[in-house]
Amino acid sequence: TPQQISEFYSDYPRIHQESDLSGKCIDAIIANLTGQSVCDVGCGTGYLLNQINSTGTFESLVGVDFSKHAEWESLNTIEFLEHNILNLPFENKQFDAVVSTHTLEHILDIRAAVEELRRICKEKLIIVVPRERESIWSFNPHFHYFPYEHSFLKHLLPLPDQWQIKRIGRDYLYIENK
């Protein structure tokens, strides 16, 4: 259940201290953002939003995660909400850019989650998933694994007219233009 998943992750120790994202991936995300408002769905501690905030480019930054994080308190220029990705409390096309990194592999219904991300996105949707194979020795408690581009892209069908996917280190960076 969503409650059981939330309890599991709140007790699960962090594997990475600041972020699962590499510096190159963070730079690519920031370089591809558009508009004045950004929502990071599955924001965790808010690390990526803080990096985006440091550019001084955006008027509105909102982070959403299914569980609250202590780090949110110190990031007082960013709005944080505790909420489920499958039913986001936002208007259609409320944000110029929507970002979701290292989140979808933890979601049972990826298609429903992507529909919600697309619904709240006005201009640009950026998704990052880890490029990895399923393994009984994995350190990550994932429901889904994406060893190939098509193993991720099949969850996004139908694809829009303008999209791209790039391999950056151990991640796939997917960008969709509205």
Side-chain angles (χ1 to χ4, degrees), residues 14-65 69 71-72 74-81 85 88 90-107 110 113-132 140 142 144 146-178:
R14 286 194 191 144
I15 296 171
H16 304 280
Q17 285 302 312
E18 293 178 326
S19 174
D20 292 352
L21 298 169
S22 68
K24 285 183 180 181
C25 205
I26 291 170
D27 291 344
I29 292 166
I30 293 172
N32 282 284
L33 290 173
T34 58
Q36 293 299 307
S37 59
V38 177
C39 182
D40 182 358
V41 180
C43 69
T45 63
Y47 182 82
L48 176 60
L49 282 169
N50 193 40
Q51 297 301 304
I52 294 168
N53 193 34
S54 71
T55 68
T57 309
F58 302 94
E59 292 177 9
S60 171
L61 297 174
V62 177
V64 180
D65 205 275
H69 296 268
E71 291 87 348
W72 293 359
S74 64
L75 302 173
N76 54 11
T77 59
I78 301 168
E79 179 184 352
F80 289 100
L81 301 167
I85 190 174
L88 295 168
F90 304 117
E91 304 277 328
N92 293 346
K93 299 181 181 178
Q94 183 168 336
F95 300 96
D96 296 327
V98 175
V99 178
S100 187
T101 68
H102 286 258
T103 301
L104 295 182
E105 63 274 14
H106 300 277
I107 306 298
I110 294 176
V114 170
E115 280 182 29
E116 256 318 77
L117 296 175
R118 286 175 170 158
R119 181 185 69 77
I120 67 169
C121 181
K122 184 177 177 183
E123 296 174 16
K124 185 145 321 187
L125 174 61
I126 300 173
I127 299 173
V128 177
V129 294
R131 183 175 54 92
E132 61 187 6
N140 296 312
H142 296 165
H144 304 279
F146 311 109
Y148 310 106
E149 290 178 8
H150 69 271
S151 56
F152 174 60
L153 291 174
K154 70 181 181 182
H155 295 283
L156 305 178
L157 297 175
L159 291 168
D161 291 337
Q162 296 183 8
W163 64 275
Q164 61 180 305
I165 190 167
K166 301 176 190 177
R167 186 185 298 181
I168 299 180
R170 64 178 196 88
D171 290 325
Y172 287 120
L173 173 73
Y174 171 82
I175 301 170
E176 183 174 296
N177 295 316
K178 298 287 185 173

(request) Please round to the nearest 0.5 Å and tell me the distance separating atom CG of Asp40 and atom CG of Leu48. (result) 5.0 Å
(message) Once rounded to the nearest 0.5 Å, what's the spacing between atom CG of Leu33 and atom CD1 of Ile126?
(response) 4.5 Å
(request) Kindly state whether the ring of Tyr172 and the ring of Phe146 have centres lying under 6.0 angstrom apart. (result) no
(request) Tell me, yes or no, whether the heavy-atom count around Gln164 atom CD, taken from other residues, nucleotides or ligands under 6.0 Å, exceeds 12. (result) yes
(request) Classify the ring geometry between Phe80 and Trp72 as parallel (under 30°), tilted (30 to 60°) or perpendicular (over 60°). (result) parallel
(message) Strictly below 4.0 Å, N to O, side chains only: are Lys178 and Glu176 in salt-bridge contact?
(response) yes
(message) Nearest 0.5 Å, please: how far is OG1 in Thr34 from NZ in Lys122?
(response) 9.5 Å
(request) Kindly compute the distance separating OG (Ser37) from NZ (Lys93), expressed to the nearest 0.5 Å. (result) 13.5 Å
(message) Closer than 3.5 angstrom, by distance alone: can the side chain of Ser151 be matched with the main-chain N or O of Glu149 as a donor-acceptor pair?
(response) no
(request) Working to the nearest 0.5 Å, report the span between CG of Leu75 and CD of Glu79. (result) 13.0 Å
(request) Spell out, as yes or no, whether a donor-acceptor pair under 3.5 Å connects the side chain of Ser100 to the backbone of Ile127. (result) no
(request) Answer yes or no: is there a donor N or O on one side and an acceptor on the other, between the side chain of Arg131 and the main chain of Ile168, under 3.5 Å? (result) no
(message) The test is salt bridge (Lys or Arg N to Asp or Glu O under 4.0 Å); show your working for Glu115 and Arg118 and say whether it passes.
(response) CA-CA 5 Å; Glu115 280 182 29; Arg118 286 175 170 158; over 6 Å; no
(request) Using a cut-off of 6.0 Å, state whether more than 12 heavy atoms not belonging to Asp161 lie near its atom CG. (result) no
